[in-house]
Amino acid sequence: MPTTAIASAEVIVTSPGRNFVTLQITTDDGVVGLGDATLNGRELAVAVYLADHVIPLLKGRDAMDIEDTWQYLYRGAYWRRGPVTMAAIAAVDMALWDIKAKVAELPLYQLLGGRSRMGALAYAHASGRDTEELFDSIREHLDLGYRAIRVQTGVPGLDSVYGVAASAGDGDGAEDGDRYDYEPARRGAGGRARPVEETWDTRAYLRHVPSVFEAVRSEFGAELPLLHDAHHRLTPREAAQLGRSLEPYDLFWLEDCTPAEDPTALRYVRDHTTVPLAIGEVFNSVHDYQTLITERLVDYVRSAVTHTGGITHLKKLADFASIYGIKTGFHGPTDVSPVGQAAHLHLDLALHNFGIQEHMRHSEATLEVFRTSFRFEDGRLHPGERIGLGVEIDRDAAREHAYDPAYLPINRLADGTVHDW
Ligand code: EZ4
Ligand code: CO
């Protein structure tokens, strides 16, 4: 038995401001690896999948055999893909890379090919219910040092819009007094949480958004990279209209303009607008991208390491995309834990076709449980020089935050029909 044989594995569920699922793997000689398994709003399904179906298979396997373990769990399941399975495999994969890099006594990026750059350009989320609030939010993020900004805005006539900061204290997990610039899964003590239902109006949105980008460009100038997320809400024709109307404002990308599960929708969008397109945060496999990449229907792949089978699989996706000149823009919301975000940052440093890294700051409570060595300089993130992924979990702090069910919102059209959010 090698000393790197897996001795034990454990699922840690904790909720410091929001829910996280973490897999901790320990080898015979005591090396510990962490993997993120957080599936926002469906967290316990992955926790149970890991505990009941994966951990019993891990004991005694050599932690060094990462590719073989990945294939063993993926092909062995018979049932291909799916967010629950792929998040579970991702967590194992991340933990094994963490272990391998610790055994090698190197920061993980060294095992992924070493540095292609000194830091990963990160974009932050700015939002406002109106232009004044939005400008304040953009200025705050520029003051924090961000050099690329995602712009989300309220729409006249709509009470609330997903992705637009609400005020604190409304049960969304924000700390008191803070604006809330990350997208909440609403929590509710004792299992009483229900998805918030919001009303959506595509025509009002399409009328309003170009005027917001016009205002932002005239206030903040032509250079600042600006991004926008449409959260899968548009038909191909509507997406083409939005893309065209945003062309004068030179976006870095338009994200998730159409429902992601229909790759052919993007053929229509591509034919009608030159706005750069990004998609993939809800994908869980490189196969989900096959048409999009080979037909060059997107400019950026948006997967998260946690939701796309871990470092092993995300590296394959990035390499596949690179052959077509397509870049990465990994999904970095706060529901990707600091462990998952660390994996992104190591890949971002190493990958030649890195594009940009999404970054939503984790709350203080989260960062007390997950101790990172991230650095942020000149708008660029760096994972730090600790060996492995470079994140430690404080088990005592983790225990203080019990799981609290949470759901993403539901959108309905004026006639009551459920819509994409
Ligand atoms: O809505 O992570 O680009 N970022 C996003 C996210 C997602 C959430 C869903 O879990 O769209 O904020
Ligand atoms: Co998004």
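Order of listing sets the numbers, starting from 1, for every ligand and every atom in it. This chain uses plain numbering: 1 for the first residue, then up along the sequence.
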### Message
To make sure I understand the geometry: which N, O or S atom in Glu255 is closest to the Co ion (ligand 2)?
### Response
OE2
### Query
What's the atom name of the N, O or S in Asp229 nearest to the Co ion (ligand 2)?
OD2
### Geometric cation-pi criterion Arg233 and Trp200, 6.0 Å radius, 45° cone
yes
### Query
In terms of atom number and element, which parts of ligand 1 are under 4.0 angstrom from non-hydrogen atoms of Glu358?
3 (O), 4 (N)
### Task
Pull out every atom of ligand 1 sitting under 4.0 Å from any heavy atom of Arg150, numbered as shown with elements.
3 (O), 4 (N)
### Query
Can the ring centroids of His231 and Tyr162 be said to lie less than 6.0 angstrom from one another?
yes
### Query
Can we call the ring centroids of Trp253 and Tyr123 under 6.0 Å apart?
yes
### Task
Salt-bridge test for Glu281 and Arg302: reply yes if a basic N is under 4.0 Å from a carboxylate O, no otherwise.
yes
### Task
Flag the pair Arg395 and Glu10 as a salt bridge only when some basic side-chain nitrogen lies within less than 4.0 angstrom of an acidic carboxylate oxygen.
yes
### Any N/O pair Asn40/ligand 1 closer than 3.5 Å
yes
#### Entry: Any N/O pair Asp335/ligand 1 closer than 3.5 Å
yes
### Query
So which bit of Asp229 gets within less than 4.0 Å of ligand 1, heavy atoms only: side chain, backbone, both or neither?
side chain
### Query
So does Glu358 have any N/O/S atom less than 2.8 Å away from the Co ion (ligand 2)?
no
### Message
With a cut-off of 2.8 Å, does Glu281 put an N/O/S atom close enough to the Co ion (ligand 2)?
### Response
yes
### Query
Relative to each other, are the rings of Phe330 and His344 parallel, tilted or perpendicular (30° and 60° limits)?
parallel
